[in-house]
Each structure stands twice: as structure tokens, then as C-alpha cells.
Amino acid sequence: MNRRQFLAIAALSGLASASACGSGERPATADPAAFRTELRVPPLLEPKPDRDGTRHFALTMQRGRSELLPGRPVETWGFNGPHLGPTIRAARGDRVRMTVTNRLAEASTVHWHGMRLPAKMDGGPHQMIEPGGTWSPHWTIDQPAATSWYHPHPHGRTAMHVYRGLAGMFIVDDGDTPELPSTYGVDDVPLVLQDKELAEDGSPTGDVLSGTFGLLGDRMLVNGVHAPFMTVRAERVRFRILNGSNARRYHLVFGDGRRFHVVGNDAGLLPAPVEVEQVSLSPGERAEVVVAFAPGEQVFLRTVAGGDDIDEGDFDLLKLVAAQRLTSSPRLPARLAAPAPIVVPANAGVRRFRLNGHDAINGKEMDLSRIDEVVPAGATEIWEIENTVYAHNFHIHEVAFQVLDVDGDKPAAYASGHKDTVYVPPKSTVRLVVKFGGFTDPVTPYMYHCHILRHEDSGMMGQFVIVEPGTESRVSRTIATPHLSH
Ligand code: C2O
Ligand code: CU
Ligand code: CU
């Protein structure tokens with residue numbers, strides 16, 4: 001009996017299970033019985049206070065073994081464990097220090113995606129950590145409440161390092177909207193969405209750098225678990241959803257079409273909850289949503305196809321099973337502590353970025369020794385991203401931006417808040433109003449790039465420095481890259 005016959009028989013006899021489907025076969029959707037592994041919630045990383053009050057977080061990049069499919073342990077990479085990483089949670093005003101140790105066999109970096117910090121602390125491709133080495137960036141958290149994340153950023157290797165499992169959440173608290181659910185793991189739950197292509201033995205296969213978009217898998221993992229369920233114990237749950245996939249774009253809905261509220265985008269809360277029935281996330285984007293549950297009910301979080309190359313297929317992601325008795329939750333607040341809108345200044349500077357093909361921006365491939373843009377500290381600028389061919393997105397390090405328009409149309413209300421990553425539809429132009437920070441460093445760049453990792457790795461990335469206003473023309477456009485010399 002071949003696989004297809006086996007699956008047909010298994011389906012008829014009710015034996016179909018998630019683990020019976022090999023790569024190439026679409027896992028059975030809406031087969032509630034298949035979702036029987038409990039969702040893992042990444043542990044919170046306990047900081048140790050240093051003598052001066054700095055909160056000290058320790059991360060180790062390491063190899064390990066995990067069961068991406070039940071009963072089939074395979075090699076994966078993780079932080080402080082075999083797969084993915086613990087959640088870092090810090091509050092505005094905290095001084096933090098990270099100690100990142102690399103126990104992999106190859107060099108990597110750790111980038112704090114969404115963090116406002118000096119370029120040297122950013123963890124981009126210039127802050128490589130050699131095998132056996134340690135890197136200790138430190139900064140003061142000074143940004144609005146947000147759901148950020150961290151992941152490697154070694155140039156040309158990011159797709160592979162993330163695909164192996166190196167990614168974690170980084171939650172920033174700002175204490176201003178206490179009515180939002182915030183008990184970690186109970187009614188405040190991170191969901192890291194990733195798709196994989198898994199071989200029969202459960203190991204991730206597929207070439208993350210081939211084809212137009214790299215890897216689009218047919219196995220959906222949430223927090224590293226395939227076909228998971230979660231027991232809901234509160235009337236309202238806030239999910240902090242991260243698209244941690246290499247290329248896939250998700251259109252998230254609930255199986256029963258229920259409406260829910262978006263309360264936050266990548267870089268901060270919205271001014272008020274926005275009711276929706278679908279939320280779209282491209283790689284690197286986050287959304288904070290609040291979902292209401294009735295006692296005893298069961299519903300799937302799923303993604304539906306959207307008609308692009310990077311969002312093919314309908315997949316169930318997570319089965320939510322509400323307990324018979326739910327703890328009561330505060331009403332959803334009418335107003336949220338959103339950061340102030342980013343106002344376009346009169347005579348705002350405009351920079352244009354053209355995405356064509358999949359390995360260059362404005363016709364130039366990423367060059368670690370070239371500074372592409374020089375931005376005065378504290379500037380608010382318009383960045384215009386023109387996409388001439390197929391799906392891309394655009395992420396800018398260090399900043400917060402708001403989408404002004406997509407081909408002249410305002411963004412959806414739920415995506416109108418502060419962001420750092422935005423989907424750029426094929427053959428369209430997205431205009432952003434971008435607020436830059438104040439840390440100056442003329443020789444250490446931040447990155448901007450497509451967050452489809454295959455594109456980022458093949459050179460669809462550029463570098464900018466933030467400098468003292470008035471010094472722009474004196475800044476060297478070439479920088480030394482010592483760590484690349486061997
Ligand atoms: Cu999430 Cu430059 O990356
Ligand atoms: Cu980033
Ligand atoms: Cu792209």
C-alpha cells in the first residue's frame with residue numbers, strides 16, 4: 001500500500017492523524033482529532049539583576065533535538081533549549097544587558113527586531129558572534145509597549161538559522177493599559193507561526209534559498225508544535241501573534257468566522273481596539289489580538305489562502321478548547337495607550353526604494369561595506385517602497401513607522417498603528433512615514449530589507465546610518481567590515 005492509499009483508508013476509517021501525512025500531502029484540515037499535542041508556551045526568561053540594577057538576560061544559541069512531529073526527534077536549533085527561545089519581557093525604563101553565547105558550529109548574530117537601540121547593540125550582520133564567543137549588548141528600554149522578537153541575522157545565513165529554530169519573543173511593557181489581559185501563558189499568550197516542510201522522519205527539509213520565495217512549507221507549527229491545542233481558561237485571551245516564517249504570509253481567521261479585536265501592531269498599541277474577522281501578517285510582522293470565548297466551546301485559528309504566491313493553502317493552526325468554567329476578564333478598554341501618531345512634517349524628506357527581482361534594492365545588492373542612506377538623528381521622513389514584480393515586504397531596523405498609503409489607499413484600520421515591517425503587494429507602491437531614533441553612529445549601520453528571508457539573504461537589503469544632523473555630507477559611504485576579512 002502506498003502513502004496515498006494509506007491516507008485514503010486512514011481518512012475513511014477515522015485514523016487520519018497529523019503524523020500520518022508526509023510532506024507534499026496537505027494535512028487534514030478541520031480534523032479536530034489531529035490536534036492533540038498541547039501548545040507549548042515559551043518560558044519567560046528570568047533576568048538576574050546586576051549590581052547596578054541592570055536586568056541581565058542570558059541566551060545561548062545551541063543545537064538540540066525536538067519532536068516537530070510527535071515521536072520523531074530531529075535536530076533543531078534554539079536559545080537555551082532545543083528549539084525556539086524563551087520570551088524576554090522587560091518594561092520601559094529598564095536597563096537591560098544581554099549575554100548571548102554561541103554554542104553553534106558556525107558564526108551567527110542575534111538581532112532585536114523592533115527594538116529602539118544604538119546600532120552597535122542591534123545584532124545585525126555587523127555584530128557577528130563566532131562559535132564559542134559571547135556578545136553582550138546593553139541598552140535602556142525606551143519605547144511604547146509592543147510585541148517584538150529576536151532572531152539571527154548573519155548575512156546570507158539568516159533564512160537557514162531561523163528555519164532551524166532560532167527565534168524568540170521580546171515583550172515590552174509600558175504599564176499604561178492595565179485592562180488588557182496580561183497574565184503570561186494564561187490570558188496573554190505568544191503564538192509564533194512558522195511553516196515547515198518535514199520529511200518522513202520529521203526533519204525539516206526544503207531549500208530555504210531556492211525558488212522565488214525560498215521555503216513555503218505545508219506543515220504549520222505554532223510555538224514549534226505541529227497541530228497543537230490550547231485550553232482556554234479566561235473569557236478573553238490576548239494573543240501576541242508573530243509571523244516567524246521564512247516566506248509565508250498568513251490571513252488569520254477563526255473557523256467559525258467569529259470577530260475579534262486587534263489591539264496592537266508591530267511597534268505599539270492601536271489608539272482603540274479594531275474589530276475584524278481577518279488579520280494578515282507577512283514575515284516578521286506581529287499583531288496583538290483579543291479574542292472572546294464561551295465556556296466549553298472549541299474553535300480553530302486558521303489561515304486562509306489569499307491569492308498571492310506566498311499565501312497559498314488553507315491550514316488549521318491551533319485548536320482552542322475553552323474550559324467549562326472561564327475566569328472572568330475585564331471589559332476590553334475603549335481606548336488604548338497608543339504612541340502618538342507620527343505626523344508628516346512640512347517638507348519631509350522622501351527616499352525611494354525600488355524592489356525588483358529578489359536580490360537587490362534600487363538595483364544594488366546588499367554590500368556590508370557600503371552605506372546606502374544617511375539619516376539625521378530624530379528625523380521623520382517619507383519612505384516610498386515601489387514593488388515592480390512579485391510579493392515582498394519591507395522592514396526597517398530601529399524605527400517605528402505608519403503606513404500612509406498603499407497605491408494611494410489608506411491601510412486597513414487594524415494595520416494603521418505603529419509598525420516596523422509592512423507587506424508590499426506585487427506591482428504596488430507603499431508610502432511610510434518613518435520616525436528615526438536619536439542614537440548616532442556614523443560607522444555602524446542599521447538594516448532595511450525584505451523580510452522574506454530568501455530575498456534578504458540574497459541581497460535585498462540596504463544599510464543606513466543615523467548621524468548628528470548637519471553632518472550628513474561628511475559621513476563616509478564606505479565602512480570597514482573587519483569580521484568579514486577571514
Ligand atoms: Cu527581523 Cu533585519 O530583521
Ligand atoms: Cu529588525
Ligand atoms: Cu522580497
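Residue indices begin at 1 and follow the sequence shown. As the structure lists them, so they are numbered: ligands from 1, and atoms in each ligand from 1. The figures here come from the full heavy-atom set of this structure, side chains too, leaving out hydrogens, waters and symmetry mates.
Every residue two or more places apart in sequence or in another chain that forms a side-chain contact (heavy atoms from CB on, under 4.5 Å) with D311 is listed here: R249, H251, D308.
The CH2 atom of W135 lies 12.0 Å from the OG1 atom of T101; values are rounded to the nearest 0.5 Å. Distance check, rounded to the nearest 0.5 Å: NZ of K364 to CG of N362 gives 6.5 Å. Distance check, rounded to the nearest 0.5 Å: NE2 of H155 to OG1 of T481 gives 11.5 Å. Q127 contributes atom CD, which lies 10.0 Å from atom NE2 of H153 (distance to the nearest 0.5 angstrom). Taking CD1 from I396 and CD from E381, the interatomic distance works out to 9.5 Å, rounded to the nearest 0.5 Å.
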*side chain to side chain donor-acceptor pair (under 3.5 Å) between N393 and S282, worked out*: CA-CA 7 Å; N393 75 359; S282 68; 2.9 Å; yes

*asked:* Quick one, H392 with H449, criterion side chain to side chain donor-acceptor pair (under 3.5 Å). Give me CA distance, side-chain angles, the key distance, then yes/no.
replied: CA-CA 10 Å; H392 293 294; H449 55 88; over 6 Å; no

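Judged by a 6.0 Å distance limit and a 45° cone about the ring axis, K435 is not positioned over the six-membered ring of F401.
Using the six-membered ring where Trp is involved, W383 and F464 have ring planes that are perpendicular, over 60° apart on the 30 and 60° scheme.
Taking a cut-off of 2.8 Å, the protein N, O or S atoms nearer than that to the Cu ion (ligand 3) are H392 ND1, C450 SG, H455 ND1. Excluding waters, the set of protein N, O or S atoms lying under 2.8 Å from atom 2 (Cu) of ligand 1 comprises H153 NE2, H397 NE2, H449 NE2.
Checking H83 against T76 by side-chain atom types alone, no donor-acceptor pair falls below 3.5 Å. If you check the side chains of H451 and E285, you find no donor sitting under 3.5 Å from an acceptor.
For the Cu ion (ligand 2), protein N, O or S atoms under 2.8 Å: 2 in total.
Residues P86 and L59 meet the side-chain proximity criterion, which asks for heavy atoms closer than 4.5 Å.
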